[in-house]
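Below is one structure; the comments refer to it alone.
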2 protein chains.
Amino acid sequence: MDPKNPQKMRTMNPDIIIDGGTLLSMVDGHGPEHNIRILIKGDRIVHIEENDRNVKYPDDTEIIDARHGIIMPGLVNAHAHTAMTLFRGLADDLPLKQWLFEEIFPAESTHLNPETVYWGALLGCLEMIASGTTSVIEGYFFQDETVRAFHQAGLRAVISQGVIDFPAPGVMDPAENLKVGRAFIEKWLGTSDLIIPGIFCHSPITCSEKTLREAMEISEAFSLPLQIHLSETSEEVDEIMKKTGQRPVPYLDGLGLLHDRLIAAHAIHLNHEEIDLLSQRGVKIAHTPESNMKLSSGLAKVPEMIERGLTVGLGTDGCASNNNLDLFQEMDTVAKVHKAFSLDPVHLDAETVLKMVTSWGAKILGLHNELGTIEVGKKADIIVIDQESPHLIPLYNPYSSLVYSANGGDVKDVIVNGRILLKNSTFQTLDPDEIMEKVRAISRKIKT
Amino acid sequence: MDPKNPQKMRTMNPDIIIDGGTLLSMVDGHGPEHNIRILIKGDRIVHIEENDRNVKYPDDTEIIDARHGIIMPGLVNAHAHTAMTLFRGLADDLPLKQWLFEEIFPAESTHLNPETVYWGALLGCLEMIASGTTSVIEGYFFQDETVRAFHQAGLRAVISQGVIDFPAPGVMDPAENLKVGRAFIEKWLGTSDLIIPGIFCHSPITCSEKTLREAMEISEAFSLPLQIHLSETSEEVDEIMKKTGQRPVPYLDGLGLLHDRLIAAHAIHLNHEEIDLLSQRGVKIAHTPESNMKLSSGLAKVPEMIERGLTVGLGTDGCASNNNLDLFQEMDTVAKVHKAFSLDPVHLDAETVLKMVTSWGAKILGLHNELGTIEVGKKADIIVIDQESPHLIPLYNPYSSLVYSANGGDVKDVIVNGRILLKNSTFQTLDPDEIMEKVRAISRKIKT
């Protein structure tokens, strides 16, 4: 590939051309570049050049018209439970324990099965594609079905089998939970370019020391990510203190869990020493502000985490506590809520927030050499955001526009691994009517 | 009108029929009603009945297909500076004083003129129509042009002439500011069913005692609303304390400003006594959480205000500090941010939040007998929200769906005063391409 000789490139017969928008490559130090054309061949970006209207490409080249759009890396959702779309809006505005123990856990135990998880995950995939998410770090139950749904959707994902020391959907005997987790990994590892299987330990209070250690050993054996909910509530911290005499982060460190493939979601009730320890160990953080706000869990110290060198991504959490999977709205919220709590309007500026869902998100996936920025040689995980809407005009600063003015509905085109999943706001891999109808039918059984 | 005899109604030849959705009337004590048909004649709702597919209406009846939608009262934006769309995204993530004195004030003084305010207001109208707002309480400068824009758009509004004791856009001599305000009111009062002119005093620190008193006298003389920014920052409170020995609310009370037509925006830094005093006087509150969060101004004590009997509406503020006019996103934020600050997940439930933008908003407008709920005899200010999108499925609870899952882009139809402004997401009164192109041209002069 010779960037100085575009003519040579053009003979490569690109498979897809993104034609003529403003590029936010998210490469450090690169600002917005206007009137750009991007050539994609197979799963890779093969060329980036200034747009030139007079170039001809073979007839079978797919053209993505981005002339009135912003081109940027696809978004990484760092923490989701995709099939929980099934419970979107089922129970809101309730005290936390009532919500969890009287509504969500019973609904999960009664209504989750392979079929409902499959359709719920497909609905989540639809929503994520429509709003520009290209990679997801997710954990739940009946995960074979989640893999099936993501595979059909064409999204990239870390999909982890949930592990909890209680009877759980699909794993009624807790003694079997890690066997199920290991079998899940062995079944799916290496079967797809896009799916990385993993284990998701529910939390330090719902998993025993033994379970946590063994989950880590399995993850280490396969060099795979390990997910955990960490210090989401202050009650959880109190419980660990009472049980172990330590705060949750040193407790997990003592078990050997803190390493650079551990992805800790929420991470709200941490003191400075815990933040430093997480940073030293290279643990990755999935910040989920909308869910934390809605459940009144508190607010993670994200500006401090970033200052101490932690890699912080942005997640939506499940739809029972958000209630959507739109990372654009999550970006707007994260940029504003930290300003509100810190009383400092400079905290979490728009460009930093965009890094959380792109280049930093790719680091959390462990794929920062492949994803998270738009550069020649990287995987083609790219989205185009239409700017031809009243709420996105004028356009002085594309970073601001995406974070503070846009929402997921402004996404026009989505490409993952060189494959078009959304073109001109039309789904290319999934049938939205069928999926919405199936989930509607399931929902009528969940609540009549 | 005889609700028991729908056949009789049907002979009335309705002008518009909204056909077959779920109705959220927002009438206290009424829950969602399914499969509803609404008949509109002239500017009024004349009948509400269960849908019956076999009824025939005259060929010239406009049919709004709401079969997969939620029908609800149009939204009231309780605090906006519409033409500030011109400065959307011009300057973000800056310390407050730098933002205001180095960016926004200079941009206003250089670039506001009748033509730019006209096009900026039209762009704001486009955005508000597209996202389901039907009434706006707004204040700015060159307000003849804002009236012209709203009139063209067909939106309902309180449009107030800005008054500040400094040289201001269009009012270079502060001694003239109330003359301009009075002339504005005299020019527009009673000229339209939809436009109520008013005065907007910038704040207790930027307006003298004399200006505040005289503004109130003018408002009283015409029985019109008076708007003011109140205690947006703690510095403002300190300054009033230093100047008058009183906190801002008792200070304004001493001037006679606290009455039931005063609309106080922001209202953040208030103590309990001030909240009680505002409640006793019947002052209306316009809460603007997204702007307050983004500028790190603090968070108004809304749950306490509501408990003390204050009427609290929801506003977007101007696009320089939000950066959009989408009340659906504002609803999501207000429901979540108060849960985050109070650590109580029951605060500001979805139905309460919807009241803020409908029935309570109508009270702030002083039009609660005419608007804010869907009832026979009321003005036809109605919107339909499409529910056929992945992020709005399933639908267990329409209140939750609208507040926590929807965004402005889901609005499909907008009717104001019996006139259709948006039909099937297509603008009926404004030309979006022309307006967007004009504002783009203006923006190139603002920042090259």
Side-chain angles (χ1 to χ4, degrees), chain A residues 85-86 88-90 92-96 99 123 126-127 130-131 290 292-296 298-299 322-326 329 332-333 335-337 339-340 342-346 349-350 388-391 393-397 400-401 404-405 407-410 432 435-436 439-440 442-443 446-447, chain B residues 85-86 88-90 92-96 99 123 126-127 130-131 290 292-296 298-299 322-326 329 332-333 335-337 339-340 342-346 349-350 388-391 393-397 400-401 404-405 407-410 432 435-436 439-440 442-443 446-447:
Chain A
T85 54
L86 296 172
R88 185 201 314 272
L90 179 64
D92 298 308
D93 304 318
L94 295 173
L96 185 65
W99 175 77
L123 180 68
L126 272 181
E127 188 185 348
S131 55
E290 294 205 356
N292 301 152
M293 292 164 74
K294 182 153 174 281
L295 298 177
S296 297
L299 189 70
N322 184 319
N323 301 356
N324 60 45
L325 301 171
D326 182 346
Q329 287 188 49
D332 185 41
T333 300
K336 284 171 178 160
V337 73
K339 292 171 172 67
S342 67
L343 296 180
D344 183 347
V346 176
D349 61 89
E388 284 280 286
S389 281
H391 66 285
I393 287 179
L395 179 61
Y396 298 108
N397 177 333
S400 275
S401 179
Y404 292 121
S405 304
N407 65 60
D410 300 313
I435 295 166
M436 294 194 288
V439 174
R440 268 201 204 94
I442 294 167
S443 78
I446 294 175
K447 190 177 176 183
Chain B
T85 53
L86 296 171
R88 184 201 316 270
L90 179 64
D92 298 308
D93 304 319
L94 295 173
L96 185 65
W99 175 76
L123 181 68
L126 272 182
E127 189 185 347
S131 55
E290 293 206 356
N292 300 152
M293 291 164 75
K294 182 154 174 276
L295 297 177
S296 297
L299 188 71
N322 185 319
N323 301 353
N324 60 46
L325 302 171
D326 182 348
Q329 287 188 49
D332 184 42
T333 300
K336 284 173 179 159
V337 72
K339 292 172 172 67
S342 68
L343 296 181
D344 183 346
V346 176
D349 61 90
E388 284 279 286
S389 281
H391 65 286
I393 287 179
L395 179 62
Y396 298 107
N397 177 333
S400 273
S401 180
Y404 292 121
S405 304
N407 65 60
D410 300 313
I435 295 166
M436 294 194 288
V439 175
R440 269 202 204 95
I442 293 166
S443 78
I446 293 174
K447 190 178 177 183

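Within every chain, numbering begins at 1; the chains are lettered A, B, ... in the order of the sequence lines, protein sequences first and strands thereafter. All values below come from the heavy atoms of this structure, side chains included, with hydrogens, waters and symmetry mates left out.
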If we define contacts as heavy-atom pairs under 4.5 Å, which of [options] has the most with chain B?
options	value
Ser443(A), Gly409(A), Ser401(A), Ser342(A)	Ser443(A)
Pro394(A), Ser400(A), Ala335(A)	Pro394(A)
Asp326(A), Leu126(A), Leu325(A), Val346(A)	Val346(A)
Glu388(A), Lys447(A), His391(A), Glu127(A)	His391(A)
Leu96(A), Asn397(A), Asp344(A)	Asp344(A)
Asn323(A), Leu123(A), Leu295(A)	Asn323(A)

Minimum heavy-atom distance between Tyr396(B) and Ile446(A), given as atom pair plus value: OH-CD1, 3.4 Å
Note: Ser296(B) and Pro345(A) closest approach over all heavy atoms is OG-N, 2.9 Å
Separation of [Y] [atom2] from [X] [atom1] (nearest 0.5 Å):
X	Y	atom1	atom2	result
Leu343(A)	Met293(B)	CG	CE	11.5 Å
Met436(B)	Ser389(A)	CE	OG	6.5 Å
Arg440(B)	Ile393(A)	CZ	CD1	4.0 Å
Glu290(A)	Thr333(B)	CD	OG1	7.0 Å
Asn324(A)	Asp332(B)	CG	CG	6.5 Å
Asp93(B)	Tyr404(A)	CG	OH	3.5 Å

Chain A interface, residue from Pro95(B), Gly298(B), Ala340(B) that has the most non-hydrogen pairs under 4.5 Å: Ala340(B)
With chain A as the partner, which of Leu90(B), Val439(B), Thr85(B), Asn292(B) has the greatest number of non-hydrogen pairs under 4.5 Å?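 Among Leu90(B), Val439(B), Thr85(B), Asn292(B), the one with the most close pairs to chain A is Leu90(B).
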Side chain, backbone, both or neither of Ile442(B) within contact of chain A (heavy atoms, under 4.5 Å):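 Neither part; nothing is under 4.5 Å.
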Is Pro432(B) close to chain A through its backbone or its side chain, or both, or neither, when contacts mean heavy atoms under 4.5 Å?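 Pro432(B) has no heavy atom closer than 4.5 Å to chain A.
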Does Lys336(B) use its side chain to pair, donor to acceptor, with the backbone of Asn322(A) at less than 3.5 Å?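 Looks like yes, one N/O pair under 3.5 Å.
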Can you tell which part of Ala130(A) gets under 4.5 Å to a heavy atom of chain B, answering side chain, backbone, both or neither? neither
Taking the side chain as everything from C-beta on, heavy atoms only, tell me whether Arg88(B) gets closer than 4.5 Å to Ser405(A). yes
